[in-house]
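A note on names: the letters A, B, ... follow the listed sequences, proteins ahead of strands, and every chain is numbered from 1.
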There are 2 protein chains.
Amino acid sequence: MTDLYAETIAAWTGLAAVGRSLVEEIERDLKAADLPPLGWYDALLEIERAAPDGVRPHDLGARLLLPQYGASRLLDRMVRAELIVKKTCYTDGRGQWIFITEQGRKMRQRMWPVYEAALRRNLQERLSVSELESLAALTKKLRATT
Amino acid sequence: MTDLYAETIAAWTGLAAVGRSLVEEIERDLKAADLPPLGWYDALLEIERAAPDGVRPHDLGARLLLPQYGASRLLDRMVRAELIVKKTCYTDGRGQWIFITEQGRKMRQRMWPVYEAALRRNLQERLSVSELESLAALTKKLRATT
DNA sequence: CGATTTTAGATGCAGACGCATGTATGTGGT
DNA sequence: ACCACATACATGCGTCTGCATCTAAAATCG
């Protein structure tokens, strides 16, 4: 078993630091604009895409890489905020179907410009298109079979 | 203001997904080995490097990208676990100096193989050295002036 | 020196997370 | 039909986080 290369460490520390600080910046910006946290954006997008059929919480959790209880509670909060609705599933008595509400669509639309601006400032303005492409390719390679 | 490129989105989603799932995997492995969370590793390393002079909590927080209260409470837990000690600072009555203990060194040594193995499996075995280099270079570019 | 401002660090509170478990429904084997 | 097991989702408990605020000790300035 060979040792870790210095390049591996550098890649990891870079990856971790960039990921964390960008997430934190986006969260700050959203909060400053009185908007919900970043995780809600992805959830709203996923749920919106699933319309008009709806999504099951379990599937949604898998797509968002959330633990089961994480999805359960996130959806709970979003229901309380009236951004989504839960409907009981008649074909499976254990299940629920999740749908976005009109308020939910509006909220996602309000969140996007903030999110987009942070991505533009921190990624698009700092890297060329080919650099963005290689970053995307590298991360894709890292995600395969993880 | 131009729109976001698809490449920007792909780079960001990839970056975020890889970062998150790798952190989660490392945390799982550490927990499975009955070891403290990942954040403790970085803190222990930083504190060990600062020996024998010690570090001030404020400086440490800055290096670890933690908010002030985050550093305060992390150090608190680590003192309770007897991995570090706080000594009152005589040149500045408000301050503290942090030192690693022998137990702290041992703990860091026990954590490293777990951490290292995850990095090897997820980064080193999936990318070539030149790919690791370009990932490191790209993330470095993204950190400048953030 | 005395008054104001800045800095180091701690902490109460409310909300979120991880873990384990609970409840209810579905599925497969005999 | 029955029983064992699996799946979908919720939740109690303890820990951790973010926010705001507090205390105490410099540092700055008139």
Would you indicate what A:R77 reaches in the nucleic acid, counting non-hydrogen atoms under 4.0 angstrom: base, sugar-phosphate, or nothing?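 Sugar-phosphate: the residue A:R77, judged by heavy atoms under 4.0 Å, touches backbone atoms but no base.
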With a 4.0 Å cut-off on heavy atoms, is A:D92 in touch with a base, just the backbone sugar-phosphate, or nothing at all? sugar-phosphate
Please report, rounded to the nearest Å, how far the [atom2] atom of [N] is from the [atom1] atom of [X].
{"X": "B:E27", "N": "D:dC16", "atom1": "CD", "atom2": "P", "value": "11 Å"}
{"X": "A:L60", "N": "D:dA8", "atom1": "CG", "atom2": "P", "value": "14 Å"}
{"X": "A:R80", "N": "D:dA10", "atom1": "CZ", "atom2": "C1'", "value": "13 Å"}
{"X": "B:Y90", "N": "D:dA25", "atom1": "OH", "atom2": "P", "value": "14 Å"}
{"X": "A:M78", "N": "D:dA10", "atom1": "CE", "atom2": "P", "value": "14 Å"}
{"X": "A:L66", "N": "D:dA8", "atom1": "CG", "atom2": "P", "value": "16 Å"}
{"X": "A:Q96", "N": "D:dT7", "atom1": "CD", "atom2": "C1'", "value": "14 Å"}

For the student: nearest non-hydrogen atoms of A:Q103 and A:A81, plus distance: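 Minimum heavy-atom separation between A:Q103 and A:A81: OE1-O, 4.0 Å.
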Would you say the base of D:dG18 and the side-chain of B:R73 have a donor-acceptor pair closer than 3.5 Å? yes
5' to 3' on DNA chain C, which nucleotides open and close the contacts with chain B (atom under 4.0 Å from a heavy atom)?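 The contact span of chain B on DNA chain C goes from C:dT7 to C:dC19.
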Does OP1 or OP2 of [N] have a side-chain N or O of [X] closer than 4.0 Å?
{"X": "A:S72", "N": "D:dA10", "value": "yes"}
{"X": "B:Y69", "N": "D:dG18", "value": "yes"}
{"X": "A:K31", "N": "D:dC19", "value": "yes"}

5′-ward residue of the pair B:L74/A:R94 relative to DNA chain D: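 Closest to the 5' end, via its nearest nucleotide, is A:R94.
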Can you tell if the side chain of [X] reaches within under 4.5 Å of the side chain of [Y], non-hydrogen atoms only?
{"X": "B:R80", "Y": "B:D76", "answer": "yes"}
{"X": "B:V129", "Y": "A:Y5", "answer": "yes"}
{"X": "B:L65", "Y": "A:R20", "answer": "yes"}

Residue A:K86 excluded, over 12 heavy atoms near NZ under 6.0 Å: yes
In Å, rounded to the nearest 0.5 Å, how long is the span from CZ of A:R120 to CH2 of B:W12?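 Taking CZ in A:R120 and CH2 in B:W12, the distance rounds to 15.5 Å.
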Do B:T139 side-chain atoms and B:L135 backbone N/O form a donor-acceptor pair below 3.5 Å?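 Here the side-chain-to-backbone pair exists.
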